[in-house]
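Remember, it's a predicted structure, so these values are computed and weren't measured experimentally. In the text below, chain A, chain B and the rest are named by the order of the sequence lines, each starting its count at 1.
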Protein chains: 2
Amino acid sequence: MLKLSRLTDYGVVVLTRMGAAPSMRQSAPELAHRTGLAEPTVAKVLKILAGAGLVEGVRGARGGYILSRPLDAIPLSDVITAFDGPIALTACVEGGGGGCGSEEHCPVRGRWDPVNHAIRHALAGITVADLAVPAPIAFIPEADLRLAAE
Amino acid sequence: MLKLSRLTDYGVVVLTRMGAAPSMRQSAPELAHRTGLAEPTVAKVLKILAGAGLVEGVRGARGGYILSRPLDAIPLSDVITAFDGPIALTACVEGGGGGCGSEEHCPVRGRWDPVNHAIRHALAGITVADLAVPAPIAFIPEADLRLAAE
DNA sequence: TGGAAAGAGGACGGCGTTGGTCCTATTTGG
DNA sequence: CCAAATAGGACCAACGCCGTCCTCTTTCCA
């Protein structure tokens, strides 16, 4: 379905919630309660976000997580890469590791790269802040182009 | 992985192969042999392409398939939609059909739409012809393609 | 006119990936 | 010393995808 994993979606939700109080340290149970998601799931999401460097964990009692950067400095491509791995629409790309049995016949070998770059560029132009802010959706560089096409 | 299904990839390969001889009627076994893919798989791919109107099937003995449009008139978004369904990165979009249990808390509800539009636009701007290998195959007379497929 | 070739449409099971949960070790505040 | 919270995996059920196969219909050709 060309859809991203549910964990990625949760990641955006959690990040957005953290962005509502960027300087506050918030624990996983707290965030779980505020987002309405299950606590173990939120904990897993936060671990992945921390592993990607998007948030920083503080251990110990009264610990929690804090945003490493403001939301408008986190492009969507970073979040997606953290959960889903490199953005590569097909196996026939740089990071695909081969495995295609009919490389010699394949008439589109290596030709997917521009597509992947286009997707990456589009996702790099949208930040998590663009998904969170209620009103000003005005300045989204890549999403702004020709919405009337659909 | 934000990747599209393997069937979609096969679809592009088959379409590209058909584009090498746009006016020739080609059968599923033929195309299977020329692409190196398994014959039942190619048959399935062609049925889906025909259902989406991208190719037209001709029944009966000496039947086969013909491109409905030239490759440069087939945007990638059409092919992806044919195999993977509507392009919707999350369930929380128009065609998602709900199912999200925490809609009342969700801080990003409805905000994914610009992202989806950006992706759709990026994929609508690339055609199957852009993915086809340019020179070597294009210059071979159609009659010689049979030999080239071994 | 009958058989063969090929598309149309659907059904089915194997398999890999994903999601959600849980367990243990480590760190830190009270 | 205990409680709270993160870090890091391990595990298992559920789902979707993929490849195959079956039957029916259509059409060409001997």
Provide, to the nearest angstrom, the distance between the CG atom belonging to B:Leu49 and the C1' atom belonging to C:dA8. 14 Å
How is A:Gly51 classified with respect to the nucleic acid when contacts are heavy atoms under 4.0 Å: base, sugar-phosphate, or nothing? nothing
Checking C:dA6, C:dA8, C:dT21 against the side chain of A:Pro40 (C-beta onward), the nearest is C:dT21
In Å and rounded to the nearest 0.5 Å, what is the CD1 to CG distance from B:Ile126 to B:Asp72? 14.0 Å
Contact class for B:Tyr10 (heavy atom, under 4.0 Å): base, sugar-phosphate, or nothing? sugar-phosphate
Protein-nucleotide distance (B:Ile48, atom CD1; D:dG19, atom P), rounded to Å: 11 Å
Are there over 12 heavy-atom neighbours, none belonging to B:Arg69, within less than 6.0 Å of that residue's CZ? yes
Identify whether any heavy atom of A:Ala43 sits under 4.0 Å from a base atom; if not, whether one sits that close to sugar-phosphate; answer base, sugar-phosphate or nothing. nothing
Walking DNA chain D from its 5' end, the first of B:Thr41 and A:Gly57 to be reached, judged by nearest nucleotide, is A:Gly57
What's the closest nucleotide to the side chain of B:Ala61 if the choices are C:dA5, D:dA7, D:dC18? C:dA5
NE2 (B:His33) and CD (B:Gln26) are apart, to the nearest 0.5 Å, by 13.5 Å
Under the 3.5 Å rule, do the base of D:dG8 and the side chain of A:Lys47 count as making a donor-acceptor pair? yes
So CD1 of A:Ile87 and NE2 of A:His117: to nearest 0.5 Å the spacing works out to 11.0 Å
Between D:dC28, D:dC18, C:dA8, which one does the side chain of B:Arg62 approach most closely? D:dC28
Nearest-angstrom distance from the residue atom CZ of B:Arg6 to P of D:dT20: 11 Å
Measure the spacing between OG1 of A:Thr8 and CG of A:Asp84 and express it to the nearest 0.5 Å. 3.5 Å
Rounded to whole angstrom units, what separation is found between the CD atom of A:Glu30 and the P atom of D:dA5? 8 Å
Could you check which of C:dA11, C:dG19, D:dT6 has an atom nearest any side-chain atom of A:Arg59? D:dT6
Give A:Leu46 one of three labels, base, sugar-phosphate or nothing, depending on what nucleic acid heavy atoms sit under 4.0 Å from its own. nothing
Proximal nucleotide (of D:dT6, C:dG7, C:dG29) relative to the B:Ser27 side chain: C:dG7
Counting any heavy atom closer than 4.0 Å, what does A:Ala38 reach on the DNA or RNA strands: base, sugar-phosphate only, or nothing? sugar-phosphate
A:Asp9 CG - C:dG20 P separation (whole Å): 11 Å
Could you tell me how far apart A:Phe83 (CZ) and C:dT18 (C1') are, to the nearest whole angstrom? 13 Å
Among the nucleotides D:dA10, D:dG19, D:dA7, whichever has the atom closest to the side chain of A:Lys44 is D:dA10
